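What you are looking at is a predicted structure, and each value in this text was computed from that prediction instead of being measured.
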Amino acid sequence: MATAQEIRDAARAKAGLAQAQANAAKTAADNKARADKAARDKAAAAKTKAELAAQSAKDKATADAAAAAEAERLRNRLVIDDTENRLDSIAYLQDLFAQYGLGSLANTIVDLKQQGLTDRVVSIKLKETPEFKQRFVGNENRRKAGLQPLTPAEYLSAEASYKKVMRDSQLPSGFYDQPDDFATFLGNDVSPSELQSRVEIANQSIQNADPFYTDSLRKLYGLQSGDMLAYALDPERALPFITRQQKAAQFGAEAARQGLQVTTPMAETYTGQLGVTQEQARQGFEQVAQVLPVAERLSQITAGAQPVGMGEVTSAVFGGAGSAAYKQQLQNLSEQEKSRFAGQAGVGKSSLSRGTSGQY
């Protein structure tokens, strides 16, 4: 039989074991609680991390979309700016070349700019076109003469100066006021001051000209001082035309010197087709002036006679179409006048016959 002490020791041992088991259970429960908490914390952390990752991905996607949108906007802006710049560039070049008198190159400018070429390259290519070379043909003349070509600005400035000299001299419209007109001056390196000197010399020649000659130019061709200056300034430029008008004017001048007046076609016919010189015109009109008034009067008072005037007498004296018939007509009037006065010293004998003798 166990003693009381042994019973007490056994009870204490049993109590200690129960306490140890309780402590172990509590420890296990605590460990499990900590493990569960750790698991929950880990799960929460994982969730948070996932949420953060998702938010980050979302933010990145949003940022990327915004960046892409901005890039597209910038690209569109660049395209718009490039288009606007190209259009501005086209407008600038078209305006510039229009000032050169080359508006015909407008479409060429558009084509070149659409190729993506810079303004400088476009300008170089435009200067190689036949239109540009023709517009600034004076530069081609300068190159042939060994002179330095002018820039378009210098070229246009020289043309403007030439025009001012001509305008101030009251030269007629259309005379030396077009680009081609100045090509020779530019090719020969004629300065505006030299041109001014030439104009003054030509003007002086007009001022010193025979007044009958200049008056005839005015009457026959309606020429003013500016027109005559233009002809005197550049006789070589229109030599055939000038020579024709000059000779016709000389013919008219000799008629005017005798108080007679001829028409432009008449003057040009006798000097151009028949080659009547000024000296011949002087001698001929001296005779016409003597014969005409008598012939006119006789044709009026002679029965059955055809009228005789300036044209008939001039033709009889100088020749030409109908000259023989007019000579005969005048001769008949002379003979009838002689018969009328029975051989006496009448008008026909003293004037018409003597006036026409030796000429026809």
Asker: Please test Glu194 against Arg198 for salt bridge (charged side-chain N to carboxylate O under 4.0 Å, His left out), starting from the C-alpha separation and ending with a verdict.
Answerer: CA-CA 6 Å; Glu194 181 178 346; Arg198 293 185 184 185; 3.1 Å; yes

Asker: For the pair Glu128 and Lys125, find out whether any cationic side-chain nitrogen is under 4.0 Å from an anionic carboxylate oxygen.
Answerer: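 The answer is no: the pair does not qualify as a salt bridge.
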
Asker: I'd like to know if the side chain of Ser123 reaches the main chain of Asp119, judged simply by a donor and an acceptor atom lying under 3.5 Å from each other, with no hydrogens or angles considered.
Answerer: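 Side chain of Ser123 to backbone of Asp119: a pair is present.
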
Asker: Please find the pair of heavy atoms, one from Pro293 and one from Ala289, that lie closest to each other, and give the distance.
Answerer: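 Minimum heavy-atom separation between Pro293 and Ala289: CD-O, 3.2 Å.
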
Asker: side-chain contact (heavy atoms from CB on, under 4.5 Å), that's the test. Do Gln258 and Val288 meet it? Break it down for me.
Answerer: CA-CA 9 Å; Gln258 300 300 326; Val288 171; over 6 Å; no

Asker: Which distance, rounded to the nearest 0.5 Å, do you find between the CD of Gln94 and the OG1 of Thr108?
Answerer: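 If I round to the nearest 0.5 Å, the distance is 10.0 Å.
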
Asker: Shortest non-hydrogen contact from Glu268 to Ala248?
Answerer: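 For Glu268 versus Ala248, the nearest heavy atoms are CG-CB, 3.8 Å.
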
Asker: Does the side-chain contact (heavy atoms from CB on, under 4.5 Å) test come out yes or no for Asn141 and Leu186, once each step is laid out?
Answerer: CA-CA 8 Å; Asn141 297 336; Leu186 290 164; over 6 Å; no

Asker: Which value, rounded to the nearest 0.5 Å, describes the distance between Leu105 atom CG and Phe132 atom CZ?
Answerer: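 The distance works out to 9.0 Å.
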
Asker: I need the Lys32 NZ to Arg34 CZ distance, nearest 0.5 Å.
Answerer: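 Going from the NZ atom of Lys32 to the CZ atom of Arg34 covers 12.5 Å.
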
Asker: Is a side-chain N or O of Asp95 found less than 3.5 angstrom from the main chain of Ala91, in a donor-acceptor match?
Answerer: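 The answer is no, because no donor-acceptor pair under 3.5 Å joins these two groups.
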
Asker: Can you tell me how far apart CZ (Phe251) and CG (Leu274) are? Round to the nearest 0.5 Å.
Answerer: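 Rounded to the nearest 0.5 Å, the CZ-CG separation comes out at 8.5 Å.
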
Asker: Does any donor atom in the side chain of Asp111 or Gln115 lie under 3.5 Å from an acceptor atom in the other side chain?
Answerer: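 Distance-only check fails for Asp111 and Gln115.
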
Asker: Is there a path of hydrophobic side-chain contacts, each under 4.5 Å between heavy atoms, that joins Ile90 and Ile124?
Answerer: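 Per the 4.5 Å side-chain linkage, Ile90 and Ile124 are not co-clustered.
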
Asker: If only atom types and distance count, is the side chain of Arg143 paired as donor or acceptor with the main-chain N or O of Pro149 below 3.5 Å?
Answerer: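 No; judged by distance alone, with no hydrogens or angles, the pair does not exist.
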
Asker: Measuring only between side-chain heavy atoms, which start at C-beta, is Asn139 closer than 4.5 Å to Lys133?
Answerer: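 Side chain of Asn139 against side chain of Lys133, heavy atoms only: no contact under 4.5 Å found.
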
Asker: Please assess Ser315 against Tyr270 for the test side-chain contact (heavy atoms from CB on, under 4.5 Å), listing each intermediate value before the final yes or no.
Answerer: CA-CA 9 Å; Ser315 178; Tyr270 284 109; 3.4 Å; yes

Asker: Identify whether Phe212 and Val276 are in the same connected component of the hydrophobic contact network (ILVMFWY, side-chain heavy atoms under 4.5 Å).
Answerer: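 No; Val276 is not reachable from Phe212 via cluster members.
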
Asker: Would you say Leu147 and Val190 are hydrophobically clustered, going by side-chain heavy atoms of ILVMFWY under 4.5 Å?
Answerer: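 Per the 4.5 Å side-chain linkage, Leu147 and Val190 are not co-clustered.
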
Asker: Is Val294 reachable from Met310 through a run of hydrophobic residues whose side-chain heavy atoms are each under 4.5 Å from the next?
Answerer: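 Linked within one cluster.
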
Asker: Measuring from atom CG of Leu260 to atom CD of Glu254, what distance do you get when rounded to the nearest 0.5 angstrom?
Answerer: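 One gets 11.0 Å once the value is rounded to the nearest 0.5 Å.
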
Asker: Are any of the side-chain heavy atoms of Gln250 and Ser216 separated by less than 4.5 Å?
Answerer: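 Side-chain contact under 4.5 Å: no.
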
Asker: Provide the closest heavy-atom pair for Val199 versus Ser169 in the form atom of the first, atom of the second, distance.
Answerer: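 It is CG1-OG, 3.1 Å.
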
Asker: Taking the six-membered ring for Trp, is the centroid-to-centroid distance between Phe136 and Tyr100 below 6.0 Å?
Answerer: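 Yes, the ring of Phe136 comes within the 6.0 Å limit of the ring of Tyr100, centre to centre.
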
Asker: Do Gln283 and Glu279 have side-chain N/O donor and acceptor atoms under 3.5 Å apart?
Answerer: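 Short answer, yes.
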
Asker: Applying side-chain contact (heavy atoms from CB on, under 4.5 Å), run through Gln134 and Thr129 and close with a yes or a no.
Answerer: CA-CA 9 Å; Gln134 180 57 43; Thr129 61; over 6 Å; no

Asker: Which heavy atom of Leu156 sits nearest a heavy atom of Gln99, and at what distance?
Answerer: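 For Leu156 and Gln99, the tightest heavy-atom pair comes out as CD1-O, 4.2 Å.
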
Asker: Is a side-chain donor or acceptor of Asn188 paired with a backbone partner of Thr184 at a separation under 3.5 angstrom?
Answerer: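 Pair found, side chain donor or acceptor close to backbone of Thr184.
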
Asker: Do Val122 and Val110 belong together in a cluster built from hydrophobic side chains that touch within less than 4.5 Å?
Answerer: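 Per the 4.5 Å side-chain linkage, Val122 and Val110 are co-clustered.
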
Asker: Check whether any side-chain heavy atom of Leu195 lies under 4.5 Å from a side-chain heavy atom of Met166, and answer yes or no.
Answerer: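 In contact.
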
Asker: Determine the minimum heavy-atom distance between Glu131 and Ser104, stating which atoms define it.
Answerer: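 Between these two residues, the closest heavy atoms are CG-OG, 4.1 Å.
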
Asker: How close do Val137 and Ala183 get, counting heavy atoms only, and between which atoms?
Answerer: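 Heavy atoms of Val137 and Ala183 come nearest at CG1-CB, 3.4 Å.
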
Asker: Are there over 12 heavy-atom neighbours, none belonging to Arg120, within less than 6.0 Å of that residue's CZ?
Answerer: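 Counting neighbours around CZ of Arg120, 12 or fewer heavy atoms of other residues, nucleotides or ligands fall under 6.0 Å, so no.
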
Asker: Could you grab the distance from atom CZ of Arg135 to atom OH of Tyr155, nearest 0.5 Å is fine?
Answerer: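 Here the rounded value is 6.0 Å.
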
